[in-house]
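Step one of this worksheet: look at the structure below.
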Amino acid sequence: MRIAAVAESEGGGRLRELGEQASGRDGALWRVGDLAGAVADHEALGRRSGEPVRWVFADTSQIYPALLSRGVRLSRCHDSTLVEALLMGYAGRFGEAHTLGAAWARLHGREAPPDPVPQSAEGRAPQPTLFEPDRSTLPSGADALDALVEVYADQRRRMAELDHPGRFALLAAVESAGALGAAEMAHDGVPWRADVHDAVLTEQLGPRPTAGARPPVLADLAARISEAFGRTVNPDSPVQLMRAFEAVGHPVPSTRSWVLQRVDHPAVPLLLRYKELARLHSAHGWSWLDTWVSGGRFRTDYIVGGVVSGRWATRGGGALQVPKVVRRAVVADPGWTLVCADAGQLEPRILAAVSGDSALAAAAGSDDLYARLAGSFGGDRQRAKIALLAAMYGQTSGDAAALLPRLRQAYPRAVDHVDAAAREGEQGHLVRSWLGRTCPPPMWGGDDPDEGAPAGPSDRAARERGRFTRNFVVQATAAEWALVLMAAVRRGLTDLDTAAGRPQLVFFQHDELVLHVPRTLAEAAVQTLRAAADEAAALMFGDTPVRFPLDIAVVDRYSDA
DNA sequence: ATTCGCTGCCAC
DNA sequence: AAACGTGGCAGCGAAT
């Protein structure tokens, strides 16, 4: 059953049941004073009847947080904004406006209004009890529910006309399910022990300084660095550092760590230590803690589809760059545990599956794909790994390039697959992931032959785009595999017993999931993850020899995973 | 005082 | 060893 829902003022809203053809306004219509309550009722009803509701929303990120704060959890939806972005991208119009208002305007031959600029997570109520203000950009005359129903029907029609409608439907479903998961993770937050984090900082940097001042350890290092140079130098300033190195007879082209490592001067070890600690202090220090952690939880906003490849971005708190040392602060609540799962060697396995290279697929049937490749590289697993990564990233220099001929010899179809994607990119064409996510057109306007005398790309620009499209076909497919996994995990978790507390998905990072579950459910959660990984592989690739093993750790602290 | 490009480093 | 894909973010320093 499908139900379209829109929020209205005072927590009310309207629902429209959509028929199987989902084309019109023929289904039941409800106007409700309590949208959250009505949605919860229909969700429960659908679940009991064995026919779970697929909710049709204009924008999950606007409507779902307020539902969550009322305790409502949903299993499936269709997010018209996310799907519109995917469809526009497929049509070679990546990045065009994709809110409900924009989709509706295009459907009616009007000019699409630009998408509103997103607001930051910082300073916003963490648990909104009211629905977010409408950002759908519909003109005032249009009825939001009618527009949503109309756009949804149109999107279904457009999806049915694509080359692989089944695959794209899966993409639309998991992208939308991702939006549900993203809102749930923002709502639940990552368990975060501020006291542990503070102890890590104090151990590394010394006691917390007054606002704006350098922590003791950094201040001491800065003083000794100046002493070593015989002049006052701000180690945070690359310009001053370059000048200082020049003055002592060691000119450097940059102040990157790996450059400095090869300079023989007493300031260097101090500087390397300073850079490491300064990074910790500025990126994940006390002010980060004050800003992003409250009530024992770290919350960030996930941006579904925020990266061209379909990986998620985050806004706020640098959630996808939490350094290893800081992960000590991610500690399960008493009586609970973390279940951390990451897909090992995901991208080469994806390449094996999408390229149809039987030799690589056979290697990807084992737990260590690289080890199985080693035979082609004199038994050297590390060189095999470098070669395969170089093929996927388009590396052309260094040792890796020399290994490529051997890789090509052993796995010709796999190498052909990424080479072909690179050629398409260089020529300005579009490439797509397995499920149909499409890369942006080239900056130089490639696929548009009717433009008179378009400025051709520079060789460098063409090669850069070739590396991008080469990587896109792999990275974007890996990202959607992870989305399918997440959708399956969400579904599996709802089947677990909740007497001891509801198991939660609390963190998602490209190819890695972290669950926070009652200790008694740890083993069940592991089984849920394993089943979900099998399901993801089957849904995307059917019967394939390629395996997608998860490395799973049940731990109290994330740093132990 | 604010904005913006650049540098550099973190994650996958 | 240091040109190899996707990002976020802090601090600097110059421009506005």
Side-chain angles (χ1 to χ4, degrees), chain A residues 120-122 212 214 218 233-243 252-262 271-272 274-285 287-288 291-292 300-303 305-327 342-348 350-351 382 385-404 418 421-422 425 431 433 437 439-440 460 463-479 481-482 507-513 558:
Chain A
S120 81
E122 201 171 351
R214 278 198 179 108
L218 282 180
V233 175
N234 175 5
D236 291 320
S237 166
V239 173
Q240 290 185 34
L241 282 177
M242 301 248 295
R243 279 204 275 263
V252 286
S254 81
T255 63
R256 291 174 169 85
S257 298
W258 60 265
V259 170
L260 298 184
Q261 269 164 24
R262 292 177 302 174
L271 203 41
L272 293 175
Y274 179 92
K275 278 172 170 283
E276 193 183 336
L277 293 177
R279 165 80 191 180
L280 173 65
H281 178 240
S282 71
H284 287 93
S287 66
W288 182 93
T291 307
W292 297 108
T300 186
D301 266 1
Y302 288 94
I303 315 297
V307 177
V308 285
S309 62
R311 300 211 305 200
W312 292 9
T314 54
R315 189 161 39 231
L320 301 182
Q321 306 127 255
V322 177
K324 301 268 179 3
V325 281
V326 173
R327 295 181 182 188
D342 77 278
Q345 309 170 342
L346 179 57
E347 294 194 349
I350 290 292
L351 176 59
Q382 185 58 22
K385 178 177 176 177
I386 287 171
L388 190 47
L389 292 174
M392 290 190 296
Y393 289 147
Q395 187 174 346
T396 53
S397 69
D399 295 344
L403 299 171
L404 280 174
V418 285
V431 297
S433 69
R437 192 185 304 271
C439 76
R460 205 183 80 153
R463 275 197 302 275
E464 275 178 11
R465 188 158 188 282
R467 283 196 299 275
F468 165 59
T469 52
R470 171 190 293 273
N471 184 254
F472 182 94
V473 295
V474 177
Q475 187 181 117
T477 305
W481 185 88
F507 191 56
F508 173 55
Q509 175 166 255
H510 310 315
D511 60 357
E512 183 180 355
L513 294 171
Y558 188 26

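Protein chains get the first letters and strands the later ones, always in sequence-line order, with residue 1 at the start of each.
- Partners of Glu347(A) under the side-chain hydrogen bond (donor to acceptor under 3.5 Å, both in side chains) rule, at least two apart in sequence or in another chain, do not exist in this structure.
- Rounded to an integer number of Å, the gap from CZ of Phe508(A) to P of dA11(B) is 18 Å.
- The CZ-C1' distance, from Arg463(A) to dA3(C), rounds to 11 Å in whole Å.
- If you check every strand for non-hydrogen atoms under 4.0 Å, Arg262(A) touches sugar and phosphate atoms only.
- Regarding His284(A), its NE2 atom lies at a distance of 12 Å from the C1' atom of dC9(B), rounded to whole Å.
- Between Lys324(A) and dC10(B), a side-chain N or O to OP1/OP2 separation shorter than 4.0 Å is absent.
- At a threshold of 4.0 angstrom between heavy atoms, the contacts of Arg460(A) with the nucleic acid are absent.
- The distance between atom CG of Leu260(A) and atom C1' of dA2(C), rounded to the nearest whole Å, is 13 Å.
- Tyr393(A) is linked by a side-chain hydrogen bond (donor to acceptor under 3.5 Å, both in side chains) to nothing, counting only residues two or more places apart in sequence or in another chain.
- The OH-P distance, from Tyr558(A) to dA11(B), rounds to 11 Å in whole Å.
- Atom OH in Tyr274(A) sits about 14 Å away from atom C1' in dC9(B), given to the nearest Å.
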(message) Generate the contact string for nucleotides 4-16 of chain C. Rules: B means base contact, S means sugar-phosphate contact only, - means no protein heavy atom under 4.0 Å.
(response) BBBBBSSSSS---

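- Nucleotide dA1(C) holds its C1' atom 13 Å from the CD atom of Gln382(A), rounded to whole Å.
- Partners of Thr469(A) according to the side-chain hydrogen bond (donor to acceptor under 3.5 Å, both in side chains) rule, which considers only residues two or more places apart in sequence or in another chain, do not exist here.
- Every residue meeting the side-chain hydrogen bond (donor to acceptor under 3.5 Å, both in side chains) condition with Glu512(A), not counting sequence neighbours, appears here in chain and number order: Gln509(A), Tyr558(A).
- With sequence neighbours left out, Arg467(A) forms a salt bridge (Lys or Arg N to Asp or Glu O under 4.0 Å) with no residue at all.
- Ring geometry, Trp312(A) versus Phe508(A): the interplanar angle exceeds 60°, so the pair is classed perpendicular (tilted spans 30 to 60°).
- Residue Val259(A) is classed as having no contact, given no heavy-atom separation below 4.0 Å to the nucleic acid.
- Ring planes of His284(A) and Trp288(A): tilted class, angle from 30 to 60°.
- Rounded to whole angstrom, the span from the CG atom of Leu271(A) across to the P atom of dG8(B) amounts to 11 Å.
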